[in-house]
Amino acid sequence: MRQSSLVVVANRLPVDDSVAPDGACEWRRSPGGLVSALHPLLQHTPATWVGWAGGTGPAPALPDIDGVRMRGVALTRDDVRDHYEGFSNSTLWPLYHDAVEQPVYHRRWWEAYQRVNQRFAEAAAEAAEPEAVVWVQDYHLQLVPGLLRAIRPDLRIGFFLHVPFPPPELFMQLPRRAELLLGMLGADLVGFQRAQAAHNFAQLAARVLQLPATDRRIAVDDRVVRIGAFPVSIDTAEMAALAQREDVVRRAARIRTDLGDPQHVILSVDRMDYTKGIEQRLKAYSELIATGHVKVRDTVLVQVAVPSRERVEQYQILRERVEREVGRINGEFGRVGEPAIHYLTQPFDRSELAALYRAADIMAVTPLRDGMNLVAKEYVAARVDGGGGLLLSEFAGAAAELEQAFLVNPHDLEGLKLALMHALQATPADLAARMTAMREHLRVHDIHAWARSYLTALDGSGRLAARFTPA
Ligand code: ADP
Ligand code: G6P
């Protein structure tokens, strides 16, 4: 087994073995923020990515992709049901997102979570050179830092949580809260999207584990674990370059023509997830049509909602409800050849997404809770023309940075309608001033800056960051 000096461990690999039956793998980004963030970062770096390829049974042998070694972790059908669909996505995911859906607790799921975390820790230990850096990602793998440290105390271990870390009142519900905290504390550095999350974590370490903790440091045995906020970002330059490509510009114009050249195109792009506020958005939009504030011929909504976690009941129910509502709105307000909502569930490649972003006058990103939301950042990066308006939920991590967006509380239906109207009626000068400020922020705070700041904090010097990110 070849070993690497940098090992990234994430539940999901950026490739999906189901789309490469002949073994001819390409980077095919699965929709989701984690893969979108790490993919541009790791390209052409000497690293190994340890993760799950999306199927069951033995791990497929995957070729190196763009210089990155892919190391698959095998999951059985029971592992997928109890670790991925169960503890990760029916217990932790809803709990960490303000319990907008009811978290479910089952003891059997916890056993699977431990077992699968152990398997990931062993795979990471095998893939890591002596004294390598191992960077563990996200809520599926919170026990890995502690398990890995037990096997390989020589390693430098980082952990980053892409989703929100909840306030103590919510986290305290978890039957295995102490074990989860201790698992994360196996890392040398625990990173979050927001300072509030680091604060929540420190409070819990003090309360549940009686550890001396500040918002920057927690003492565990004879070690000091550092904690902090590192807001994740995108490859701003890559998205900007894509959005400037001639074929993308032509495609964006074509999209507008195909939509009937309306005055306003509103776009939303989400994984089909109940945290994304899709139903609230559809309700606000249909009420604006019903009251005549929005006219279907002048304004169209394009809702891209790629199915996600399709075997989890809450996701199945959401999809049914969204599709029923889209059907109702189109039935009630559309005309032949003029639907009120263009509803698409397909995964798109990056250039089609860039064209959609360029075609949209208003991008509506209104999650009920979101760790960051990279779609909002991608839209801003794609607006190389300085046009377009971003309607953004206050409850997305991105709102802390993209302050010039039209910020909105998506739980407040009237507020949502007002903010959408405000964005639709904004002057080009107002839109341009907002977009310019947001673009400038993302030019500096891109994915490479994120990696530099995290890796510098992890090794205490610039050496690691210099090895893995461009200057
Ligand atoms: P989450 O991580 O919760 O899915 P983010 O907004 O942070 O939310 O990240 C979503 C990522 O998935 C973005 O990079 C976006 O471009 C990508 N994505 C969303 N929908 C699609 C789609 N239909 N096809 C391809 N990529 C998509
Ligand atoms: C979010 C999570 C990621 C996850 C992604 C897609 O971004 O933070 O860890 O990979 O959603 O979800 P999936 O369940 O398809 O991996």
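Atoms within a ligand are numbered from 1 in the order they appear, just like the ligands themselves. Because the structure is a prediction, the values reported are computed rather than measured.
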Worksheet item: So, Y315 versus R319: side-chain donor-acceptor pair below 3.5 Å or not?
Response: no
Between D98 and L368 the two heavy atoms that sit nearest each other are OD2-O, 4.4 Å
Taking only non-hydrogen atoms of E378 and a 4.0 Å limit, the atoms of ligand 1 in range are 13 (C), 14 (O), 15 (C), 16 (O)
_Under 4.0 Å between a side-chain nitrogen and a carboxylate oxygen: does that hold for K276 and D370?_
yes
(request) Would you check if there is a donor-acceptor pair between the side chains of Q303 and D270 at a distance under 3.5 Å? (result) yes
Would Q137 count as a contact residue for ligand 2, given that I'm defining contact as a non-hydrogen atom of the residue lying under 4.0 Å from a ligand atom? no
Counting heavy atoms under 4.0 Å, the part of N11 that contacts ligand 2 is neither
Is D78 salt-bridged to R115, cutoff N-O under 4.0 Å? no
re atom 14 (O) of ligand 2, the protein heavy-atom contact at minimum distance is Y84 OH, 2.5 Å
The answer for which part of M272 has a heavy atom under 4.0 Å from ligand 1 is neither
Out of K276, Q346, M372, R271, the nearest non-hydrogen contact to atom 8 (O) of ligand 1 is supplied by K276
Exercise for review: Examine V304 against ligand 1 and note whether any of their N/O atoms are separated by less than 3.5 Å.
Suggested key: no
Among N89, V312, D138, closest by heavy atom to atom 2 (C) of ligand 2 is D138
- request: Look only at interatomic distance and state if P347 has a nitrogen or oxygen under 3.5 Å from any nitrogen or oxygen of ligand 1.
  value: no
May I ask you to check whether W93 has an N/O atom sitting below 3.5 Å from an N/O atom of ligand 1? no
Looking only at heavy atoms, the pair that brings V134 and L155 closest together is CG2-CD1, 3.8 Å
For S351 and R245 the tightest heavy-atom approach is CB-NH2, 3.7 Å
Numbered in order shown, the ligand 1 atoms found under 4.0 Å of a heavy atom of N373 are 6 (O), 7 (O)
Quick look: V269 vs ligand 1, heavy-atom contacts under 4.0 Å, and the answer is side chain
### Greater than 12 external heavy atoms within 6.0 Å of E279's CD
yes
**Q.** R226 and V190: CA distance, side-chain angles, deciding distance, side-chain contact (heavy atoms from CB on, under 4.5 Å) verdict
**A.** CA-CA 6 Å; R226 274 158 313 122; V190 180; over 6 Å; no
Given R321 and I278, is the side-chain contact (heavy atoms from CB on, under 4.5 Å) satisfied, shown in steps? CA-CA 10 Å; R321 289 167 59 137; I278 301 172; over 6 Å; no
Q.
In this structure, is the centre-to-centre distance between the rings of H140 and Y113 below 6.0 Å?
A. no
**Report entry** ligand 1 to L353 polar contact by distance, N or O atoms, under 3.5 Å
**Finding:** no
- Message: Before you tell me yes or no, could you show the steps for H411 and F395 under ring pair (Phe, Tyr, Trp, His ring centres under 6.0 Å), namely the whole-Å CA-CA distance, both residues' side-chain angles and the distance that decides it to 0.1 Å?
- Response: CA-CA 10 Å; H411 299 274; F395 299 104; 5.5 Å; yes
Judged by heavy atoms only, the candidate from R309, H140, R12 nearest atom 11 (O) of ligand 2 is R309
Note: ligand 2 atoms sitting under 4.0 Å from heavy atoms of V163 are 8 (O)
Note to self: Between ligand 1 and G33, is the shortest N or O to N or O distance under 3.5 Å?
What the structure shows: yes
Item to check | Proximity flag R350 to ligand 1, non-hydrogen atoms under 4.0 Å | outcome: yes
Notebook entry, point to check: Can H162 and Q137 be counted as having a side-chain donor-acceptor contact under 3.5 angstrom?
Noted result: yes
- Query: Any N or O of G32 that comes nearer than 3.5 Å to an N or O of ligand 1?
  - Reply: yes
Per-atom filter on ligand 1: closer than 4.0 angstrom to a heavy atom of S36 are 11 (C), 13 (C), 14 (O)
The answer for which part of V35 has a heavy atom under 4.0 Å from ligand 1 is neither
Atoms of ligand 2 under 4.0 Å from any heavy atom of R271, numbered from 1 in the order shown, are 6 (C), 11 (O)
Under 3.5 Å between any N/O of D370 and any N/O of ligand 1: does that happen in this structure? no
Going by the 4.0 angstrom heavy-atom rule, the piece of V306 near ligand 1 is side chain
Nearest non-hydrogen protein atom to atom 7 (O) of ligand 2, with distance, is G33 N, 3.3 Å
Taking atom types as modelled, is there a side-chain donor on Q316 or R311 under 3.5 Å from an acceptor on the other? no
